[in-house]
Every structure is written in C-alpha cells, then in structure tokens.
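Just the heavy atoms: all of them, side chains too, but no hydrogens, waters or symmetry mates, feed the values below. Every chain is numbered from 1, with letters handed out A, B, ... down the list of sequences. All values derive from a computational prediction rather than experimental measurement.
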Amino acid sequence: MCTRSRCCVSKAAAGLAVAVLMAGMAVAQDVFSEEALAAWLGPSHLMVHLRFDQATTASRLHLSFPHAMQHLATALPLKSAELHLTAGRWRYGEWGWPLVPAKPVGAVLDASFVASASSPEAGGTSGGGSGSDSGDAGLEAHWSALVAALSGLSCASLSLLREPRSVGEGHTRLQDLEAGRANASGVAGVRRLRALLPHEALCTENLTPWLRLLPCGDQAGLASLLRHRPTVFGAEYVSLGLLLERGAVSEDRPGVRLVQTATFVVRATAPAAGSGGQAKGAESGTGSAAAAARVMLEQALRAEVEHACPPAARSLVFVAEPREEPAAVVAAAPAAPLTPAAAAAGSCSASAGQADGGEGGVAAGSCTSLREAAPAAGEAVEQEGPGVREQPGAGPQGQQLALWAVSAGSTHHGLTAARSPAVPRLQVYDTLDLLDARGWGLHLPLPSPPARPVGAGGGGLGSASGGASGALGPAPVAVERYVTGAGMLRGGMVLAVRRSPQLRERLRVAAAEAGGACAGAAVGGGGAAADGVCLLEVVCVYQVFPWYIRPWLHTLSVLYDGQPVPLQRHLVSRHVRPATARASPGVVDLCLAASPDVSELRLRLDFSKAFLTAFEYPPDAHRGFDVPAALVSYVEPLALPAAQWREGDSGEGQAPASPLLLALQGGAVQQVYTPALLVPLAAPDFSMPYNVICLSSTVLAVYFGATLNLVMRRGAGDTAGADGAAAAGGAAGKAAARRRRLRKAVQAVVLLVAFGALALYLDSELREQAEEWLRGLGLEVGSPKPLLGCQAQGTC
Amino acid sequence: MAAEERPVLPQSRRRLYAIGFLAAYVLAVLPIWYEAVRVPRAPLPHDDIQALEEEVAAPLAGALASTVTVYVLCAGGTYPCFKYNELSPYAEAVGEEILRQLGKTSEQVPLVVRVVHDEKGACSTSSWDSEGLMARQRRSSQRRDSGSGKKAKAGAKGGRVSNSGSYYDAAAAASSSYVGCLSLASSQQRLTGVLSAADRALDDLAAKELGGQGDRPGHYVLFMLPDLWRLGGDLPLGAVGRRRFGVVRYPAGGLPSAPAAVRLVGLLAAPAFASHLGDPLDEAALSAARAAAASDPAVAAQLADEALPLPVSPAAQLHLSFSLCNAHPSPHYPSHTLRAAAQASGSTAKQDQDSGARPPAAASGSFAAFAWDFAAFEAQFVGPWKNALSAAARLTVSSQVLYFTPARVNGSWDPQRAAFTVPHASLPFFVDSSWRLDPSRTGLPASAAADGAVPYDLATIHSGDRSSAIGEVVLPPMPPAHAPGRAVAEAAAAAALPRLLPPRAAGSLPPAVLHFVLFAPPPAQRPLLLLGPDGEAAPANSFHVPGWGMLQVLNQVPPSGAMMANVREDNMEEFAREALTQLRLLLGLAAARRRLIQHNELHAASSPAASTTSKGSSNEDAPPPVGRIELLTDLRSGLAPWEADALLRRRTGADVAAAAATLGSLARLLRQVPTLALPPAAGALVRDAVAALRRALAAVEASNYMDASKAAQQARSWAEAAFSDPALSTRQNVPDTHLVGVYLPFCLPAAVPLLQALLHEIRRRRRKPTAGVDAQGTSGVGQTLSGEMEASEGEQLIHTEPNTPVKANDS
C-alpha cells in the first residue's frame, strides 16, 4: 500500500531537482528553472501562475542561489518552511476549481522542524550536535527565529505570528488515516507547526524582497511579467509563495531548495475580433488573423519579457487550452465507459494514496478494475482526439501536453494510457527559444477565453459527462462558514461543505468499483480510524480556534443534508486539543464519513468568547478578531495514480520533468480553505488599567483593614473575660480567654484564606508562582496536562 | 496599684499588637514594593574598570613592542669589524634612526633594537630600549610594587642602553627569547655561502637557520652583510624579505655604522617592522603630512584611508563577499535604455558616432553572461589571505553571481582611449543600491564541507538553545583516514581551532562586510574604463570605497552567440591581484609597502642628480644617499607576515583602547541612568571582559603578539556584547511619580489604620500621666477618615467602652 501523501510530491520534485543537479553538476552547483502557467477562468479573468525553482548543494559559493535563504536553511533545523501571502479571495463559484491550490487571505506559514535529537546537522562536523534538547522550548525558539527571519526577508509583519494565539501543531491528514496514524502529528522526528495571520495585507513591499531572491529579479525571465505593479496588485487575487526545503542529495551533500510561486488573477478582456488587428504586437505574430483576435499574454499583464535570465536551465510557459465543450464529449460514443474508467482510477488513488510519479504501475490489489477500464478509456480519448486537435493548430511552436495515466496492464501495446479529463491540456512554449528567435518579447497568444465563467458552468447536462468538473471547471466542493448568534458572550459557528452532483456521482461510481471493503467500513465504521475505512467518503475538517474563542464540543452537531446524524457513528478520526489560555490555540480536527449520497455536510458548534486584558487588544479593537480559515480536505477520485504529463494526443513521448506539472498533477486529496471569519469580542474601556489598579488596591486595603480590625478588636466577650478574670481570676476566665483567642485566630485564618483564594483566582501569575513554590517544596501540583492529554486522545 | 496591673496587660498587649503590625507592615510591604520597583542589575566591578581605564589611558599601554635585531656579520680578514664597545652606540644610533624615519620621538614608540655581532668564534650582543618602553616597564613595576606594598626601586636607571654585550655561548642564546648567535661566521665556507646568497635565498636560509625562534610575530631580523664585491663608494642596498627578515648590504670597505647603512636600516625597519598603523600622528608629522597631501591627491587619499577605522567587526570578523555582476547579459536593449545611454554620453559621443570611432554594435553578438569557478579561485588566492590574516581577523568568504545589475553611471565614449570612460567624480555613484549584494545583516554564510576541494569546515556556536554558524575555520587538508599523517594533522587542527574560533559572544555582533565586485559592463558599453582622480585611467581599472569594498571592471569579450561564458584565467588572476591590493588598502596596510616602493622611485629620480648635488652642497642636514630597496612578495598569499604583524599591532592597540572605553562608558552609563537594567549574563560578560583586558595588557608587556591579540579581541567583543545587550537598549522609562501612583493606592489605605492606631497609642500615652476618665471618651477615636475606617473605628469605639470601668475602677 502506498501511504505517501502530498509530501510525496514534493519529494519527487526534490528528487527531480537533484537529478537536474546531478546531470549538470560538476561546475554549477545551483540550478534555477522558471515556469509560468496561464489559464482563462472566465471571459475576463486570466489566471497566471509563476513558479521559480532554485536548488543548490553549495554552502556559500553560489551562482544564483540567495545567500540569505541558504543561511536560514542551515542555521535552523528546518525541514521545510512554506510561506504564502495572499490578497483577495479565490471565487470558487465563478472561477471554478483552481489549478494550483488557492490560499486563504493573509499569511500562512507552515514549517516542519527536524526534532533535535535526530537532527542531521548539515555539515556541522566540528560544532557537534545542537544543544537544543529542550523540546518545546527549542521548537519555540526555532519557530520565532524562523518567523523573524521570514518577516525580514519578505517585509511582512509576520512577527505577530510569534504570538501563540494562532500557532497550531500538525493535523491529521487524510492520507495518514490509512496507516493508522490518526493521532500522530506527522512523521516521527518531524514536528510541524502552522499559523495563519488573516489580516496581513499583501503589497508591493512584499513583492520587492520576494523578487530579490530571484537571480534576475524582475529584470529578465518570466519574472518580468510582474513588472507592471498596478496590474499585479490590481489583480483580484494575488498570492505569493515561498517554500524552503532542506534535503540531502547524498550522504554528505546537503541540498537546499527554494520554490517561489506567484499566482494572480487579472481582469483581461479579449479584444473583439474586428479590432484585433490593431492590437499591439500582433503584426509580429505568425498566424496573423487568428492570432490577432487573441490576447497576448504580455499584453494582458502590461509587461514584456525582454531578456532571458541566463542562469535559467528551463524557462517554460504553459497555456491551458480551454476544455472541450461538453457537446464534443457527449457526442463521442464511448463516453459512458470513460466515466467508470476514471472513477476506477480514482478509487485506486484513494485506496492506494498517491503513487510516486516514478513508480509507474499500480501495485494495489484492489485496483483490478483499471486494467479492464483503461483500454476503453484510451480508445475513447483517441477517438475524440482528432476533433480537438484542430483547435490549437493556429498557435506557434508550442507542444501539447496532457495528463495521462499510464497503467502497466497491456492489451494493445506494452503501455496503455488514459488521458485524465480532470485537467486541461496544456500548450508548452520554451521562452528561451522564443526570445532567441524573435528578438525581445514573447508574443504568446492566449487561446480565446471561454464565453462564460468556468466555475459557473456545470448544470444538469454537464453532470452526465462526468469529466466536465475538476480543475478549470465548476468547483466540486463548496465550502461556507459563518458565525451565528448575537451578543458579546456567546456565539456559534457553522461550517457547511457541499458536494457537487458530479462529485457525488464520481464518488458513487468509485465506491461501487472499490467494492465491499468500502461499504463495510462505511456501515460498521465506529469511531476509530479502523483499517479498511473507505477514504472516498471521508471529509476532514481542520479548524484552529484562537484561545479566546472557546468552543463547546458537546454542542457539536453534524447535519447531513439537513438531517442531524449521530456524530459517533460517522466519526473516522478525531483530534481535539483544547486551547490553553494565552499559550496555544484550540484545535478541532475531525474526519467524518459521509456516503456519496450526502450532498451537504453541516457542522454546528457553539462557543463562548473570552475576555481579554486591555493589552491584548490590537489597535483596531472594534474590528473584531479573526478566526483562521478552516481547511477542508476530501478525496477526488479523478486524480489518477501514476499520471504523467505527456506530449501529444496518444500519450506517447517522454514525460517532461517539470516541477510545475508535478505540482499541477496534485494528489488524490484535495484541500480547500474556507474564507476567514471575523468574530466581534467585547472591547473594554481602555482606561481600564488604572481602574483595575485602584480596584485591586481597594480590595487589598479592605483586607488589611479587616485583618487589623479583627486582631485589634476587643468585643463584648473580651470585656466579659476581662471582667471575669479581674473578678474571679479563675480557670473559667482563662478558658474564655483562650477560646476568644482561638476564635480570633480562626477568623484571621479564614480571612487570610478567603483573600488568598481571591488573589489566586484573579491573578494567574500569582497562581503560577504559587505552584512553583509548592513544587519547590516538593508537593506535586496537579497540572491540567493529563486532562488535556486524554481529551487529545479522544478517549474522554 | 496592684489592681491596676491586670487591666494594663491587654493595653500593653494592644500596644504590642499595634507596633508589631506596623513593623510587620513595614517589613512585608517594603520588600514587596522594592522587589516590584527595583531594576535588576548585575554587580559590576566598577573599581576594576576605572583602574583599567586609567591604565589604558597611559601612553603606549596597548602598543605591542617590536624587536628589531640587527645581525651584523663580520667578514673577518681585512674587512673592518666592530669592537666590543662600539656595539652600544651602534644600537642607539640605529634606534634613533628608526625613530627619525618614523617621525616620532622615543617616548612614542615601543621599540627594542638589538645588535648581534657575529664574529668568527665569538658573538656579542647589545640592546637598546626606547624611552616609551622603559617608561611602561617602570609604570608596571611601580604598580606591582605598590600592589605588594614595597617601594619602587627599579627603573630608576637612566640608561637606555642595557649593554648585555658579553661573550656568551650558543646555549645561552637559545635559552633567551631573542635571536641569538647563529655562528654564521664559524667557517669560511658558511660565511661565503651567506654572503653570496641572493635576497630570496637568504630569506630561506635565514628561516632555516633561525628555525622557530626567528619567525615569531614582533621579532624581526635585519642582516647587515658586507658586500664583498662592491667598492667603498657604492651605496648600500636593502631588501625586505617575504617573512620577517630584511637585509642591508653595505660596501665591505666601510663599517655597518656608516651613516648611509644606518639610514638604510631605518628606512627598511621604520615602515616595515616598527610602524604602528593608524596611530594618531604628532603635530609635526601631521603638518608635514598635510603639506604632502595638499600637493599630492594620492597622498591625501592614502592618509584618509589610514585614518579610517578598520572594516573589522568588534568580534574581529570580516566577511569578504565576492560578486560577479553581469550588467546586462542580453543582446536586447529596451529602447528607453538606449536613449538614456545616448543622452548620457553627450554631444561628443554623437560626433564620434558620426566619425565612426565608436565600435558599431559589437555588442549584439557577444552578450553572454559570465560565470566563474570561484571554488578554485578561493583555494588558490583567497584561502592564503585567510591564513595570513587569521590572527588579526577571522575572514569568511562567500561568492555569488548577479545578473542585470546596470551601473547607475553610464560611461561616455572617449575616442582617444577608444573606450567608454567614467570620470572619477562619478565613481561614488557607480554602484546601484538595487544590486543584490550580500547584505551584512543576514549573518555569515554557513560553510559546510560541501566540496572536498576546499578545506573548510563549519564552526558553530551555541547561543541559547540554537546553534548558529559563525565562521569558517581554516584547516589544512586532512589526509585520508588511515594514512600515516592523519593523527598529526588532527592534532594540528585541534590546536589551531581555539585560535580560529570566534569568542563566545560573537553571535550577537554582526561581521563587517567588504564587497569585491567584478563588474562586466553591458555589451554596448564595452570596453569600459574607469578614470582616476588625475584623469588618467585608473590602475587595474578598479576603484575602492573605504569601508565598502572595491569594484573592478571586466572587459573580457565573450564568444558571440553563447549564453554563458567563463571568466578567463588571466582575468581571474588579475582580479585576485587587484583584490589583494585593495584589501591591503582597505585594511590600512598599503602605506608601509607604498613607502618602501616610493623610496625606489625617489631614488631613481634623484640618483643621477644626487651625485652632483651631494658634492656641490655637502650640507650637514642632507641625509646620506642610499641605494635601492627590494621588496620580496610572498608568492602564495601576497601578504607578508610582517604586514600581518602590523595589522596585529594596530588591531591590538585599538581593541584594548576600545574595550576599555566601552567598559568605562558602560559603567558610567549605568551609574548615570539608574533605571537601566543589566541582566546577569551581561554582568558576566563584563567581568570576563575585564579579566581578558588584564590578560591582554600583561601579554602586551611581555610583547606576546598572539596572546595579546587574542585576549584583546576577547575583551573587546565581550565588552561590546555586554554593551549591545538588548536589555540596555530597551530602557523602561518609568518616572518616579508613576511608581508612587501605582503603589500608593495599595500602601496608603493599608497604612491608614496602622498610623491611626499608632497615633491613638501615642496620644493615650501622652495623656496617661494626667489620666482622666473622659480622656477615654475622646481618645482620638471618633474622627474617621474613610468609610471603611468608620466601621473599624466604630468597633473600636465599642470595644473601648468596656475599658472605662477599669479606669473608673482606678478612679
């Protein structure tokens, strides 16, 4: 069973970079490659995705790798760190499913550290092992060092992430469920931390340092597509990404890899067919009339690629062809067998996880259906092929790429290939060739934009074809999250996940193909992540609550299609960690099984809001507090195992080793971020501190006064005793005096205890100090840890 | 009265309570208040710091002495030799001459001149200490004596020449720390071998003969050799060797004490062996230098360079960042750039364009971006610099290649030179701040043992719970694991490590960065020529900016059509040479070398005329003419050990002064700003710095270069680290009124009942002698201050009433 996950992809990509390194080694220790992807999302929306890959094995003598990143990677026991800065929301409803995963608004930082004990110190031979065995403290120090470095390197105010209110540690990933690691926060020896900062604004000051990390900045290469800043930052969705990874090429050669991505959706209008002749740069195009009617890529971005970046080993532009019209697919006779084929492949991917790109075949035993289905699908594609091929014929020298699933089972030839309908075809252009041939400027014609928004499509007709969704189609899953309730004390949160009919159809077919194991697990699946659970049906929700939002887990209710269902019956895995005030956020990580018939999952949860101290409020206290985006993951059956991008229409030809394509290929597990949420919290009167000082001082004064009074008072009993003593001087008087004294002492003790308890209740610092003292005295103070632990394990 | 005893008891007990509570209140509240208000501050050795400051303020406190041994070889036979009693005057004369050449007085220079006279069968020595050195010794012995309670006796001897010149054997010489007798004249064969050796061979020979004792920092040997093949009228010749040797060849007919020979010794020793770079000049020298500077801009620039602080961080870190900048590795020019270039080149360029002198579009074909093999370059050139300078500063190196880094200044076409020229005045604006040069603040690049070709290893330090790479340790290449030399190499590496590792606090002090840029101009501006201040082409087509680094233009034309090309070997070599020259300049080392070389130029200029003028004007003041001076260069590193020694002297002196100043100002700062916190870690650093400074001063007196420099570096970096502690920069500005305002609401209400009770008791006590019954009724009770007090007073009122019967009883 392949239990690999998304990190598998990155590993494969890293391996690829390494392969490049080894190939071109000897002299150049740094490699750099750049790629761009352009796709229409609607009649006026163009998505451009840039990806810059740098890798190095050198330590300080670099050709193009930025020293700062190298230093960061060596100074910290980092395995990987990923930072995304995003402005604007991805409109799933309009733009459809993103080709590259969309990120939530603000900053997302995801880092995994090598646990210090087994840390492979890169080259640190004379320095010895790192001294950070202190676990959490060390991790915290590393995290804050990383945050400080990254905020300096990206000019972002990430320093707020150092506050513990949003840093969560690892979450259950759908892919891990199978291996029974539902509780583990990841691979052993690696600790993952992630934090979201929803109100971080992205602007030019972030882009400039980001560009400085590139060998040519925005002066040359594909990065010069970003030169017109008003276009970039006027875009409706902009996301800058930075991924730093550390690996080892071999035993003694550590390697560092830096991936920078920029995704943005710009508003671009295609010129009308008549006015196209006047379009800038059209005269130099090859196909005059056909090309003139199209928008040029550079024109849409108002920037020109003038020079090639010399260190770039690869500089490619991918242009997504519009999807085939559903009509063509429907018209093709064998459309029916196509669906089960794809679905079957999906089931395999679901059960087998995501196979490594290099593995080729499918090893899983349950995936027998693919062998029968694949040829049929192959035929289907080959039949429909000629119809499609004419369309991009007008374009210049680009090659065509499509995602093909290759299976080892052979009926016709040695290898059969089925083209994945989930991903569009791509037209590839080599920038270096273009610049060489043409002088400057790429003059890449874009295909004509679709008539209507990609995401708005679908409808009843498309659902029958099954292939019309997925990437660059209507979103298969819609996620919604909102706050209910009024008032400053309590509230509720609702998270709704809607599956599109197409997805349900695919899931149903896939589940049917996968057979009994799936059904059995679905029915009998208790709470635990038992072996054989059908991952197709599982939907995972990962939500981090800042500590001042206190969810009440007993109020958690699950509704399937509006009907409440018992949570326990559908729970596959659960990882709940309550928040610690001012120390760590709460984490709710649930995986639910929902049969393909369920079209809407709805989770409701009530929470109460905490009161913050005056100094914990941000300057704009009345804006409300951000609740970070939730992450919903599910299995997309269409993602194929062993899929490769191949040239041509029949799937032959060498697979181009491109990191961007590998990333596009994605995995079976899809992840969607919900939009961020604002929760209003009671804002205090900010002159509070002095009031508090006065109030607490008064309380203390009352305490002192009362004690003093108590001790110094001589009540009626006193006089009686004194009289008695004076009069009789007997034993009775003495006893009375003793009793009196005793009573006084008791009163004093009661007073002391009462006020002490009050002080302890009010002041957490005092509480901690008291605990410290008690611990110093050798007393075992019950800490809340064990309770949390049992909750974390889901046993209580 | 016996009846009175009983009621007194509760009263006195009450008093006791009141006083007890007051005491308890004071005892409990004051510490709490003090703890809350107190500024945490580690104790500082204020007295030590002050004493050290005074000690360092004394002249020549941190100045390392240099010992120049003039080794006079007597040829014997008919050639004249020194008599025994001539040695001391000779030593003095040499010392005076060196001082004259330095332009300083005897009090300003710590200098020891020793004369070793090697005659066949016998050696005699004599030594001369400069006044400054003796004064320092006197001071230290005084201090020692006053410390131990004795009266100062030593140092009263006025004589500066301590003539130890007795005949002694070789064993005694070996035991002494100074260069002893080599017995070069023991046999005729040996003697002729030495006398006939060429400069370079003599250098090697001396290194071999002296073994370890001669090649120590601060100890220089100057051989006075009679030149048997030259006549009496000839001028003496001199050479400065590649290590710590020099040689003066005087005509064999004369004595080594001939004025010309002595002057040549001074000329050699003053800049090379005895100079203290960066010293504040005295008035006379300063005015002379100013006059020279006024006439010669080069001298002015040199003086400016020398006066600048060294680009070395307080922790003695220096990072060399090598960048290869490709200004425009592309055949295409956007139209606006071309236009700008045309405008910049001005009207003359336009005319030249018409006349066709301008190279027409040679750019379009050969536009390749340059790359270099820096690993090999470093191993060949930069590595030896690191080794040579390792005692004075820890050098680290990184390299990168940049693309599309246009200069901010465009060259203008000069038809005479057939090149684009950039005038000297616009060179400061040449480098664009948008070039992605290594920033200094991201820390040092970590070097891992990535490529086996370069013998570097990574040194990490642990700061807190995080280890950070701090520098590169230069270690010799290790033999393979089971080779015979492995153990020896490992031991050597282990011995070298502590010297090369930075001090503990270096992590918090960023290194100084020097940039070395090799700039490939855009194809359309090739060849590019930088002009010097005099309007001529700058030497080696480069310029330097003090404290920043240097830039050299690479005018290599790449093969046409290629995308990438390598920088040619000879260009790399030239870059290395220029980088070294500029590094020497940036480190303030160039002056000595330049002075030695300039002497030759002066000599060449004046020698034809010299003979006539010296005869004609035979003035007493005119210095006797001397011959040429040869300057041997270390082939491998290019930096001679005596140059590194000079840097060491300067660095040690500066470090000692800076450490004392930093400690002093820290102490003063803490004394003046009482709200400044000093964490215990910083306090420990200060104590360590004080100890290291003491060690450094002791080592300076013992003229132990290595220990002194190491201790001085430690002292300075620790002092700086303590001073730059974050706790000191974030001063909590809490005014006193605030302290009172916050704590008064607590202290005051709690104090009121106590004070009231006290008042009550006092009043009662005062009235007691005239105790009346109604006194009880008005015993300060009814007046209440606050609502809460009212309640307690009320209770008091209640419980005072029962007392009345007691009193009534009394009455």
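Minimum interatomic distance between B:Trp435 and A:Arg212 (heavy atoms only, all atoms of both residues): O-NH2, 3.4 Å. The two residues B:Tyr403 and A:Cys216 have their closest heavy-atom pair at CB-SG, 3.8 Å. B:Phe404 and A:Ala220 make their closest contact through CE1-CB, 3.0 Å (heavy atoms, listed as atom of the first residue, atom of the second, distance).
B:Arg436 places no side-chain N or O within donor-acceptor distance of the main-chain N or O of A:Leu213, the cut-off being under 3.5 Å.
Put simply, the side chain of A:Pro310 does not reach to within 4.5 Å of the side chain of B:Phe370, judged on heavy atoms. For the pair A:His307/B:His328, a side-chain contact is recorded, criterion being any heavy-atom separation below 4.5 Å from C-beta on.
Looking at residues two or more places apart in sequence or on another chain, you find a side chain to side chain donor-acceptor pair (under 3.5 Å) between A:Ser315 and A:Glu34, A:Thr431. Scanning for side chain to side chain donor-acceptor pair (under 3.5 Å) contacts around A:Ser151 gives an empty result, with sequence neighbours left out.
For A:Leu214, the part lying near chain B is the backbone, with the side chain staying farther off; criterion is any non-hydrogen pair under 4.5 Å.
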